[in-house]
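Written out below as structure tokens is the structure these notes cover.
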Amino acid sequence: MAGDKDNQLFFSSRLLEWFAQYQRSLPWRENKDPYRIWVSEIMLQQTRVDTVIPYYHRFMEKFPSIDALADAPEEEVLKAWEGLGYYSRARNLQTAVREVKELYGGVVPDQPNEISSLRGVGPYTAGAILSIAFNKPEPAVDGNVMRVLSRFFLIEEDIMKPATRKVMEALVRELIPQGTASDFNQALMELGALVCTPKSPGCLTCPVMEQCAGRIAGQELVLPIKKKAKPPRDEYRIALLIEGNGDNRGRIRIRQRPEDGLLAKMWELPHILLPAGMSYDNNEENRQFIGEQRLAESQNPLVIMEPLMNIDHVFSHIHWFMRVYRCREESVELPSADYGDYTWLAAGERERYAFPNVFVRIMEAYWGK
DNA sequence: CAAGCGTGGCG
DNA sequence: TCGCCAAGCTT
């Protein structure tokens with residue numbers, strides 16, 4: 001079916017007609033500035049359009065050019081990304097625009113090997129920039145595209161497997177009509193977003209319904225074939241809302257996460273992973289464990305007061321069950337010193353640090369918005 | 001290749 | 001309520 005030339009021509013021309021009429025007006029479609037396209041593609045990775053739009057406006061206002069982003073302090077970039085998730089995207093994007101300045105004189109390259117070498121630019125994003133901004137006939141295969149193609153051409157490969165994306169890319173190369181790569185790739189994604197949706201596809205309004213092999217076979221709700229993701233593992237954690245004394249009255253302890261791994265370089269309340277089997281009741285065993293862990297880290301004794309709230313937060317691969325205790329530092333000898341990756345935070349200073357969402361919610365519960 | 005890496009919305 | 005996501009990349 002996928003090799004049928006007439007069928008492919010039908011698909012591509014109908015799709016382009018549909019896109020010309022029904023495409024959404026989106027902020028990154030105002031022009032073909034490759035930097036603007038690039039930023040949008042990074043933000044849109046695994047993220048919904050409606051979520052991205054306000055971030056995109058703020059980001060482009062704050063960092064309107066490659067130079068502006070390259071010259072900004074990293075913490076400002078992370079702050080602009082706060083709440084959007086997958087924070088390595090922000091740091092990688094800044095690394096990449098600095099590469100563009102160093103290697104390409106600040107001009108986004110239009111060669112596949114060059115653009116693909118940039119930090120955070122994988123096969124999809126490279127194809128998206130090359131096609132959308134430069135109209136180069138490169139595939140840009142994302143989840144939408146795989147869903148649309150797997151249905152129309154009745155492809156039953158597991159789309160979770162990297163090898164399947166290769167098959168899709170080869171197919172897209174055949175499908176792009178001469179000179180239409182920018183519109184065609186966007187049309188493919190737009191159809192997936194607006195019509196050929198995961199749960200209840202709007203087949204009756206689909207421009208290519210007549211030839212859709214998946215629908216003809218009655219398989220449109222089964223496709224695409226996708227292996228189930230593993231459920232997140234549970235982690236029980238004690239978070240410490242440590243109130244300062246003396247000069248630090250009204251402030252709380254925060255710390256910066258390491259530069260690798262989960263929530264890298266973001267700021268947070270100190271928290272402790274409980275060993276398997278330990279409950280997080282406010283009992284003696286619990287307080288002693290917290291005290292030991294805390295001592296090992298800060299050398300500063302802690303008085304644990306009452307539990308403030310329970311909060312749980314689900315990442316892609318971890319489910320945090322967190323109990324927040326209000327605490328105060330026992331000693332007033334070190335209170336103003338910033339040691340290690342710790343500092344004190346006052347209620348009005350939150351704009352200076354980027355926090356993952358779960359800690360924003362705790363601080364809002366404590367201080368109000 | 002499989003796993004690690006966030007978040008909010010929706011049926 | 002809760003599983004399933006949504007314009008993926010890195011290791």
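Naming convention: chains lettered A, B, ... in sequence-line order (proteins, then strands); numbering from 1 in each chain. Below, each value reflects all heavy atoms present in this structure, side chains not excepted, and no hydrogens, waters or symmetry copies.
The NZ atom of A:K226 sits 8 Å away from the C1' atom of C:dC4 (whole-angstrom rounding). Computed from coordinates, the A:E259 CD to C:dT10 P distance equals 17 Å when rounded to whole Å. In this structure, A:I225 places its CD1 atom 16 Å from C1' of C:dC4, rounding to the nearest Å. Between the CG atom of A:L188 and the P atom of C:dA6 there is a distance of 16 Å, given to the nearest Å. Rounded to whole Å, the distance from CD on A:E157 to P on B:dC1 is 12 Å. In this structure, CD1 of A:I42 is placed 11 Å from P of C:dG8, rounded to the nearest angstrom.
Between A:R29 and A:K228, it is A:K228 whose nearest contact on DNA chain C lies nearer the 5' terminus.
Taking the ring axis of A:Y55 as reference, the NZ or CZ atom of A:R58 stays within 45° of it and closer than 6.0 Å to the ring centre.
Within residues 107-118 of chain A, no residue approaches DNA chain C, by heavy-atom distance under 4.0 Å.
Inter-residue side-chain proximity for A:P201 and A:R151 is flagged as met; some heavy-atom pair is nearer than 4.5 Å. Between A:Q211 and A:V208, every side-chain heavy-atom pair lies at or beyond the 4.5 Å cut-off.
Using cut-offs of 30° and 60° on the angle between ring planes, the pair A:F153 and A:F11 is tilted. The aromatic rings of A:Y35 and A:W38 stand perpendicular to each other, their planes meeting at an angle above 60°, with 30° marking the opposite boundary.
Separating the P atom of C:dC9 from that of B:dG8 is a span of 22 Å, rounded to the nearest Å. For C:dA6 and B:dG4, the P atoms lie 22 Å apart once the distance is rounded to whole Å.
No donor-acceptor distance shorter than 3.5 angstrom exists from the side chain of A:Y353 to the backbone of A:E349, with no hydrogens or angles considered. A:Q186 places a side-chain N or O within 3.5 Å of a backbone atom of A:S182 that can act as its donor or acceptor partner.
Contact between the side-chain N/O atoms of A:R165 and the OP1/OP2 oxygens of C:dC9 is not found at any separation under 4.0 Å.
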Worksheet entry | B/S/- contact track for nucleotides 4-11 of chain B, protein heavy atom under 4.0 Å | SBBBB---
